[in-house]
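First the structure, in the form of structure tokens, and then the observations on it.
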Amino acid sequence: MSKSYETIEVSQQGKLGLIALNRPKVLNAINSTMVSEILAAMEGFEADSAVKAIVLSGNGRAFAAGADIDEMANDHAIDFELRNQFKDWDRLAMIKKPIIGAVQGFALGGGFELALCCDLLYAADNSEFGFPEVNLGVMPGAGGTQRLTKLVGKTKAMEWLFTGKRISAREALRHGIVNQLIAEELLLEETMKAAEQISSQAPIAIRLIKEAVLKAVDTPLNEGMEFERKNFYLLFSTEDQKEGMNAFLEKRKPQFKGK
Amino acid sequence: MFETVKYEVENGVAWITLNRPDKLNAFTEQMNKEVQHSVKQASRDKEVRCLVITGEGRAFCSGQDLQGVNEDMNHGEVLRRFYNPMVMEIHRCEKPIIAAVNGVAAGAGMSLALACDFRLLSEKASFLEAFIHVGLVPDAGNLYFLPKLIGHAKAMELAVLGEKINAEEAKELGLATKVIPMEQWQAEITAFAERLASMPTAAIAVIKKNLKASWHSTLEESLERDAQGQRIAGLTLDHKEGVAAFMQKRKPVFQGK
């Protein structure tokens, strides 16, 4: 990975593509450069067949404490429209490899929205989530109201978005925002372990599972079922399906090739 | 820097002394905030590995200063704004905190002592759930910590009957690590605090965290937390030092790292 980035650190470790937000002095406040760099890095990993999963984390005390307010304080509505401000965010949602997030400290505003773009979230005991936009007279613009509501339902989403209240790690766990809480010191280690486990599965199965689960979020059940079925059938055209089932019958560990 | 508390650091110990002796160290809004901020300062100070909260003069803390109480007061708001953040700051602190209860600890003063990890009592110390005598209820975490320390039944007796508990009775209930005679008071609490400060304090932080979490965890969650805690402790310099000292048959020197 020769490309150099300004706001993130990108590296590869085994089958994992690692992206670390790297503006620790401003608690990894998200600016447009950072979003486009995250997207570039993710699309790089997407195209790299050696990478099976992506781990997204934040350097320093926080995952990301929000968006860069300076950058947009003087913007007008049409500036956003003409710039198509959120196009990179839309493309982030199209990444097909699994994205595993590791959150410590704050994940606020845009930071929370970025966390909600992950497929799995591991969070430190000290993590805090929230949408403080309302305190600035605005609201989330990169999926916050939609993704949070689909995730936890209207009741809590409305409360959290109206009040800007912080959501503690335990509350986030209780409401299914995060998968597991981990001691801060071990967050990356444990997240990597989980990511490695996923990256050892049959990659095409993982890919089609991700696609089907995301489909469930905005598809009527019968259409989703149809979609799932097609993906299920499709997996029977892979070598990994043959290998997986043979290994099961022969009582040995499968060797998946991603084909 | 603070007016209602004295704050001193010596030999790895932060001494936070409630300093309104003429008012028996009763809480004012300012003292709530200053206790909170001094605990925060000690939490952040890398030199500090143990905290002591004690009182100047003959009382530890007599609770809320009733001079500040009037008919317009919203008791709930006072708690939310001044007491609860103070108790949370103490509860969040990863370093061991000793309440050196030198005299009476009444009302919220008792709550303050209950929120600490250890209670060292002078023979003149006493606890008093004073709230009921003015038609109020124990607050500032009192009813959270008390049953965990002494059990539901005894907590009920103390909170409802509001009888004075002297140092020996407190020891029997499990509210005191130790009762110390007056003439040895300062020497013993100093020795106890400095002993804690020279222990593997990173491991103590994990113990504190996991003990606190045990109250709302299943066995399965606790076992996982044990695994994570031991992994963290296993990576500390103090663990390596402890093992090396054991092998070399010498006394370990722990740095809290």
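Any value given below was found using the heavy atoms of this structure, including those in side chains, with hydrogens, waters and symmetry copies removed. Model, not experiment: these values are computed from the prediction.
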* Spacing of B/Ile232 atom CD1 and A/Glu189 atom CD [to the nearest 0.5 Å] -> 9.0 Å
* In terms of heavy-atom contacts, does CD of B/Glu77 have more than 12 from other residues, nucleotides or ligands at under 6.0 Å? -> yes
* Asked: Around atom CE of B/Met1, are there more than 12 heavy atoms of other residues, nucleotides or ligands at under 6.0 Å?
  -> yes
* State, with a plain yes or no, whether a side-chain heavy atom of A/Glu185 is found less than 4.5 Å away from one of B/Gln228. => no
* Asked: Would one find more than 12 heavy atoms of other residues, nucleotides or ligands at under 6.0 Å from atom CZ of B/Arg44?
  -> no
* Asked: What part of A/Leu181 gets closer than 4.5 Å to chain B, counting heavy atoms only: side chain, backbone, both or neither?
  -> backbone
* Asked: Is it the case that more than 12 heavy atoms not belonging to B/Met156 sit under 6.0 Å from its CE atom?
  -> no
